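Here is the structure we will look at.
Proteins come first, then strands; the chains are lettered A, B, ... in the order of their sequence lines, and each starts at number 1. These numbers come from a predicted model, not from an experiment.
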Amino acid sequence: MKVSYLWLQDYFDEKLPSPEKIGEALTMHVFEVESIEEKGNDTIFDIKVLPDRSHDCLSHRGIAQEIGVLANLKIKEENTKEKILNIPESNVLKIEVEDDKLCRRFSALVINNVEVKESPDWLRERLESIGQRSINNIVDATNYVMFSLGQPLHAYDRDLLKNADGGWKITVRKAKEGESLLALDDKHYPLSGDELVIVDGVNDSVLGIAGLKGGKISEIGNKTKNIILEAANFEPVAVRKTSKKLGLRTDASVRFENEITPELTTEALKKVSDMILEIAGGSNTQVEGLIDFYPRKPAPYKVGVSVSEIMSTLGIVLSQDDVVDILSRRGFEWEYVEPIEKILSLASTTVGAIYKKGSSIVYDAPASFDCSSYTSYLYSQAGIAIPRMSVDQYVFGGDVSIHSLIPGDLVFSNSNSGKIHFESIEWLPGTEVSVGVDHVGLYVGGGLVIHANRGSGTVSEEELTKSQSFRNIVGAKRIPTTEKRFVVTIPAERIDLRIKEDLIEDIGRIYGYQNIVPKPVVVSDVSPQSKVQYYERVMIDFFIKKGFSQVFNYAFWSEGDIELENPLAQDKKFLRKDLSFGLSNALTFNVRNKDPLGLSQVKLLEIGSVFPSSGEHTSLAFTLESIKGFESFDDIKKKLDGLLGVDIVFEKKGEVFETNLSSIISKLPEVNKNTISEDLSDKRFKTYSQYPFILRDIAVFVPEGEDGKGIVDVVSDEAGELLVNHHLFDVFTKDFPGGKKTSYAYRLVFQSYEKTLTDDEINKIMDRVTGKLNSKDGWEVR
Amino acid sequence: MSSVSNDLKGHLHPISHIIQKTEDIFRDLGFSMVEGPEIETEYYNFDALNIPAHHPARDMWDTFWLKPKEAGRLLRTHTSPVQVRYAETHKPPIRIIVPGKVFRHEATDATHEAQFYQLEGLMIDKDVSLANLKYVIEVYLEKLLGSKVSTRFRPSFFPFVEPGVEVDMSCFKCAGKGCSTCKKTGWIEIMGAGMVHPKVLQSMKIDPREYRGFAFGVGIDRLVMLKFGIPDVRSLYEGDLRLINQF
C-alpha cells in the first residue's frame, strides 16, 4: 500500500522521525517497506501489508499506530474520539438487509444541500500522492476517509433514487439472475444471483455490487444536491467470491475480503461528514440523519498469555515488566489474573443468564449461553482458550477423578437425548470419545456445579449429585492453569489477534526479533540416510563416474496424460509422462556444443517425477550419443545391474533408456550406509559465450621426440581468448629423408564472448599460426 | 582457455550438489530427508496448512490446477504438505527436511521460474523456540556457503506459522559491508520461517499444548545461484552442459 509521510504526520503533534528511520523501524518490527520515494514535498512509502495485518493496516491510521508504538509517540486524541456520533436517526431513509451474515452492518448518513465541486488543493494532492485520481469533493472525501481509516465508503446522489411517500429506501439482497450493473467504471457487470447487491428499495433497481463497485445510476455529479453516504461491513468470503467471479478488484473489495471490523462504520461516517461540511458545505447544508443497521455487535475478544509462554516460544528472556511495558505502549487494555480465581468470580456473576442453544461467545455472551459456550466463555475471559464444543472440551482436558474435583474442573455428562458426540470435531478431529458427551458444567467447589442448564432455561448453580443434567456423568477434566496470565482485551480492528501465539508474535516483534540469540539444538542421534536417498545417490554416482552429466528439464510438455487447468502456454498444457522428450532434445542440443565442451561423447542423465496415467513416480532416464567403438547402452546396463545386483528393465524410447526408479528402489534391500557429498568450495560459475563457435583442424610435423604442446602455445599466442578449447585427435610418426617426424593433429575451437566470429577472422589467425609454425626449425604444417 | 577436456567423469547438476550437501549437513543435526508427491490435493497444499479456501492468503501462491478443477488437484506450491503427510505416520519428536520441486503459476524471468526447488525444514519437540530456529539456520547456511553467516529475523506472515518471520542472512560475499550481491544493504533475504501454527499441529494430530515446532522454507535455486554465482534461474532447467559441466 502507498502511504504518505505527510498524511501520517497528521496523526501526531510531535514531528515524526525521518522517512528512512520510519522505514527501518517498520521493516524490522511490523512489515516490509518495499520502497521510499520522495514526491514533491512529501515522501511515499510502499508498504507490503500482508493478510494478517490487512484488517487494520490498509490505512494511514493503522500504520500511524504502529509508528506510534515503535517511536513512542502519542497519537492525537481527536482522531480516536471520532467514534462518537451524535446524529439523530434519519426520517427519510430506510435500510433493509436480507441476510445479516453477509451484510453485518450497514450505516448510512443523509446530507442535504451539498455543493459538488473540485476538491481543495490539499485533498487533491493527498490523493494524488498515493496514486489516486481526484474526482470531486464528495467522492474524494469518501476515498480520503477510506485511505485514512480503512473503511470503504460510497456516496449516492439521493435524488437519483426513487422516492416513495417522501422517503427513500436502500435494500441489500442477493442479485437476481439476469440483473446487471452499469458501474462507475462504465463497464457492464452481468449478475448471476450469487452476488450481494445494493438496490433501490423502492423500485428494486441495482445501485451497486456490495463491497465492490457503485453504479452509474446514482453517481455523484455536478448537479448533485443531496447525498446518502454508505459505510457498510460485508462478509469477506462473499466479497472475495464475487470479486474473483467478476474479475473486479477494487480498493474497497481488497479491504472487505481481508475482513475489517464492523465497529468502524459510524466513525468513518462521522469523519467524512465533517469533511463534507467543510469542503462541500454551504449556509443550508445539513446532516439530516443516520440510519444504522447493526443487529449483531461482537464483544471484544480476550486473549491470554503467560510470561513463560512468551519466553519459551520466542527463546528470549523477558520480565513481567517488559510485557507490561509493551502492552501499555501498544495501548491495549489488559489485566494480570490468576485464572481459576477469575473464572470462579465470573461464574458467580453469570448465574441467571439465559440458556439458548447455539449461543455465540462473541455475539451472545454474557446475555445467553449454551452449556459449552458457557465454560468456553469463562475460560476465555481468564485468558485460556479451550474448544467451543463440549466433546472437544472433553478431549482437551486432562482426566481427573470425579471424587477429587477442585474448583475450575469441568464435569461432563451424557444426557442420552439429542445429539451425542463420540469424537472430537474441531480440536483433534477424529479422536474418539467412547462414552459420548453432550453436556458440560463448571465445578465450583462444595459439591456445586454451575452450568448453562437447558432444563431450567438459565445458567444455574446446583448440587452435582442432585442435578438432572448430571445424572449420567461420563468424566471430569482439568485444564492446567498454574500460571498467572496477562489477559488482553483485543481492539476490534485487530482481527489478527485471536490466539496466544498471535499475541506472542505481537509482543515479540515490538520487543525486537534482533534480540533472539541462537540456541543450539541437542543432537542425540544422527539420522541415517533413507533407503531411497541412499540408492538414488549411489545410482547418480554410478552415472557420473561413467561420464554422464545430470540435467533437469521442465515438467511441462505439449502432450501427456495429465492436463493443466491453467497452463502458462499452449505448448505446456500437460505434465510430462516420461523423461524421453526432454532428454532427447537435450542430447541434440549438447551434441552441437560438443567441441567447445571438449566432449568426445555426450552422455546425459535425468532423474525426476513423471506423470503417466498410471500415477506419479520418480523416473530415471539416460541417453548417450551413439558412436562406434564408444560405450553403449548394453555396457552401461550390465555394469549398473552388477552394482545393484538386479536386472533393471529399461524402456527404449528413441535414443533414451528409461526406467521407474521408485519401483526399482522398492525392490532393493535396506541398507545402513550413508553417501557423502562432494566438496563445493572451489565451484564457481563462469559465463559461457552465447555466440557460435568456429572449428579448425591443424596437423603439424615436428621432429621425432618433440611433443606437440608447442603447437597449441603458438595458436594460443595468436588467438588469445578466442581459442576456447582444443584437443589432440591424431598422432603418428613417419620416416622422412633426414629423419623421423611425428604428426600432431589438433582440433581447435574458436569463440568470442562479444560477437559472431567470421571465417575471415579465423583464417587470418590461422595464416599467422601457419607462418609461425613453419618458421620453426624442422616443423611443417601439413 | 580450457585444456583438453577430461570427459571421463560427468557432472552433477548444481541443484543436486546443493541438495546432497544440504542432506549431509542436516543429517548431522539429526534431521531426516523425506519426500512427497508433486501432484497434491488442495487439502494438503492449503487447508491442512491453515490456508482455507477463499482466504486472501491463497493469493500468496499462484497455483497450477489440474483438470478437472473440481477435483481439487494441483501442483504443490511448496514442499510444506509433506509436513502433514509425514506426521500422519510419525509421532513427535520430528526433525525432517524436505527438498523437492514446486510450481508457481507466474511469469518467468531471471529470478522467477514456474518450477523450482524448495527446501522445507521442520522440527517438532517439547521445547523448541525461534532461538533454536536461528541456530539451525545459521549452522546450515554457514556449512553450505563455507563462511560465517549471521541471520536476522523480521516479522512476516505465512498462514502455517505463528509467529512468522522473514530471514535475512549477512552477505557472505562482503561480510555485511555492502556489495552487488546484497544490493549494498549487507543483508540477503533468504527464507520464510516461523513457529508451526497450532492449527497445523492439529491437522497433524499433534497436541499444540504438548509440542511446539519451527518450520522454514528456502528456495534451493536461490541458494544455488548465490553459492555458485549463477545469474539466471532459467539456465538451471535448460539441460545445457555448458553450465552443468562446470560443476
Check: By a 4.5 Å heavy-atom criterion (distance strictly below it), what part of B:Pro198 contacts chain A: side chain, backbone, both, or neither?
Finding: side chain
Note to self: Is there a side chain to side chain contact (heavy atoms under 4.5 Å, CB included) between B:Leu66 and A:Glu563? Walk through the geometry before answering.
What the structure shows: CA-CA 6 Å; B:Leu66 305 187; A:Glu563 191 173 357; over 6 Å; no
Next item on the list: Return the option, out of B:Lys199, B:Glu113, B:Arg73, with the maximum number of heavy-atom pairs under 4.5 Å with chain A.
Entry: B:Glu113
Next item on the list: Heavy-atom distances under 4.5 Å only: say whether A:Pro236 touches chain B with side chain, backbone, both or neither.
Entry: neither
Next item on the list: In sequence, state the C-alpha distance, the side-chain angles, and the governing distance for B:Lys227 and A:Arg684, and then conclude on side chain to side chain contact (heavy atoms under 4.5 Å, CB included).
Entry: CA-CA 8 Å; B:Lys227 166 87 185 160; A:Arg684 188 84 195 147; over 6 Å; no
Check: NZ of A:Lys594: more than 12 outside heavy atoms within 6.0 angstrom?
Finding: yes
Item checked: Structural part of A:Val602 lying under 4.5 Å from a heavy atom of chain B -> side chain
Check: With respect to chain B, which residue among A:Pro567, A:Gly315, A:Ser549 yields the maximal number of heavy-atom pairs within a distance under 4.5 Å?
Finding: A:Ser549
Next item on the list: Inspect the surroundings of NZ in A:Lys572 and state if more than 12 heavy atoms from other residues, nucleotides or ligands are less than 6.0 Å away.
Entry: no
Notebook entry, point to check: What part of B:Ile230 is in contact with chain A, defined as an atom under 4.5 angstrom from a non-hydrogen atom: side chain, backbone, both or neither?
Noted result: both
Margin query: Does any backbone or side-chain atom of B:Met195 lie under 4.5 Å from a heavy atom of chain A? Answer side chain, backbone, both or neither.
Written below: side chain
Check: Does any heavy atom of chain B fall under 4.5 Å from the side chain of A:Leu583, the backbone, both, or neither of them?
Finding: neither
Next item on the list: Find the distance between OG1 (B:Thr151) and CD (A:Gln514) and round it off to the nearest 0.5 Å.
Entry: 12.0 Å
Margin query: Which atoms of A:Ile516 are under 4.5 Å from chain B, going by heavy atoms: the side chain, the backbone, both sets, or neither?
Written below: both
Check: Which answer fits B:Val165, side chain, backbone, both or neither, if we ask what part of it has an atom under 4.5 Å from a heavy atom of chain A?
Finding: side chain
Note to self: Given heavy-atom pairs under 4.5 angstrom as the criterion, report whether the side chain, backbone, both or neither of A:Arg240 touches chain B.
What the structure shows: side chain
Margin query: Please give me the minimum heavy-atom distance between A:Lys519 and B:Asp127, naming the atom from each residue.
Written below: NZ-OD2, 4.1 Å
Notebook entry, point to check: Side chain, backbone, both or neither: which part of A:Ile540 has an atom under 4.5 Å from a heavy atom of chain B?
Noted result: side chain
Next item on the list: Test A:Leu568 against B:Phe64 for side chain to side chain contact (heavy atoms under 4.5 Å, CB included), laying out the working first.
Entry: CA-CA 9 Å; A:Leu568 277 182; B:Phe64 284 104; 3.7 Å; yes
Note to self: Can you tell me which portion of A:Lys244 sits under 4.5 Å from chain B's heavy atoms? Options are side chain, backbone, both or neither.
What the structure shows: side chain
Margin query: Given heavy-atom pairs under 4.5 angstrom as the criterion, report whether the side chain, backbone, both or neither of B:Leu201 touches chain A.
Written below: neither
Check: Highest number of heavy-atom pairs under 4.5 Å with chain B: which of A:Trp427, A:Phe543, A:Phe556, A:Phe31?
Finding: A:Trp427
Notebook entry, point to check: Side chain, backbone, both or neither: which part of B:Asp59 has a non-hydrogen atom closer than 4.5 Å to chain A?
Noted result: both
Item checked: Option in A:Asn258, A:Val551, A:Ile316, A:Val523 with maximal non-hydrogen atom pairs under 4.5 Å from chain B -> A:Val523
Notebook entry, point to check: Based on non-hydrogen pairs under 4.5 Å, which of B:Ser235, B:Ser129, B:Pro68, B:Pro14 is most in contact with chain A?
Noted result: B:Ser129
Item checked: Which atoms of A:Ile607 approach chain B - backbone, side chain, both or neither, heavy atom under 4.5 Å -> neither
Next item on the list: For side chain to side chain donor-acceptor pair (under 3.5 Å), just list the numbers for B:Glu238 and A:Tyr554, CA-CA rounded to whole Å, side-chain angles, deciding distance to a tenth of an Å, and then say yes or no.
Entry: CA-CA 8 Å; B:Glu238 283 166 354; A:Tyr554 288 98; 5.5 Å; no
Check: Hey, mind stepping through A:Asp525 and B:Arg95 against salt bridge (Lys or Arg N to Asp or Glu O under 4.0 Å) and telling me if it holds?
Finding: CA-CA 11 Å; A:Asp525 54 339; B:Arg95 291 187 197 191; over 6 Å; no
Notebook entry, point to check: Under 3.5 Å, side chain of B:Arg212 to main-chain N/O of A:Ser312, donor-acceptor pair present?
Noted result: yes
Notebook entry, point to check: For the residue pair A:Asn593 and B:Arg242, what are the closest heavy atoms and their distance?
Noted result: ND2-NE, 3.5 Å
Notebook entry, point to check: Given the options A:Ser54, A:Ser689, A:Pro520, A:Ala586, which has more heavy-atom pairs under 4.5 Å with chain B than any of the others?
Noted result: A:Pro520
Next item on the list: Measure A:Val517 against the heavy atoms of chain B and call it side chain, backbone, both or neither at under 4.5 Å.
Entry: backbone
Next item on the list: Please state whether the side chain, the backbone, both or neither of A:Asp52 comes within less than 4.5 Å of a heavy atom of chain B.
Entry: both
Margin query: Given heavy-atom pairs under 4.5 angstrom as the criterion, report whether the side chain, backbone, both or neither of A:Val532 touches chain B.
Written below: side chain
Check: What closest approach, in Å, do A:Thr313 and B:Pro163 show between heavy atoms, and which atom pair accounts for it?
Finding: CG2-CD, 4.2 Å
Next item on the list: Measure A:Asp502 against the heavy atoms of chain B and call it side chain, backbone, both or neither at under 4.5 Å.
Entry: both
Check: Can you tell me if A:Glu501 uses its side chain to pair, donor with acceptor, with the backbone of B:Glu162 under 3.5 Å?
Finding: no
Item checked: Contacting region of A:Phe396 [heavy-atom separation from chain B under 4.5 Å] -> both
Notebook entry, point to check: With a 4.5 angstrom heavy-atom cut-off, which part of B:Glu106 approaches chain A: side chain, backbone, both or neither?
Noted result: backbone
Note to self: Checking side-chain polar atoms at under 3.5 Å, does A:Gln529 have a donor or acceptor matched by the opposite partner on B:Glu23?
What the structure shows: yes
Next item on the list: Mind checking the OG1-CD spacing from A:Thr27 to B:Glu166? Nearest 0.5 Å is all I need.
Entry: 11.0 Å
Next item on the list: Please round to the nearest 0.5 Å and tell me the distance separating atom CZ of B:Phe247 and atom CG of A:Leu680.
Entry: 9.5 Å
Checklist line | Gap between atom CD of A:Glu678 and atom OG of B:Ser16 - 0.5 Å precision | finding: 11.0 Å
Notebook entry, point to check: Is the B:Tyr117-A:Phe552 ring centre distance short of 6.0 angstrom?
Noted result: yes
Note to self: What I want to find out is whether A:Glu565 reaches B:Lys67 closely enough, with some N-O distance under 4.0 Å, to be called a salt bridge.
What the structure shows: no
Note to self: Please classify the contact between A:Lys683 and chain B as side chain, backbone, both or neither, with a heavy-atom cut-off of under 4.5 Å.
What the structure shows: both
Item checked: Separation of A:Phe685 CZ from B:Asp232 CG (nearest 0.5 Å) -> 9.0 Å
Notebook entry, point to check: If you count heavy-atom pairs under 4.5 Å between each of B:Gly146, B:Ala114, B:Gly164, B:Pro52 and chain A, which one has the most?
Noted result: B:Gly164
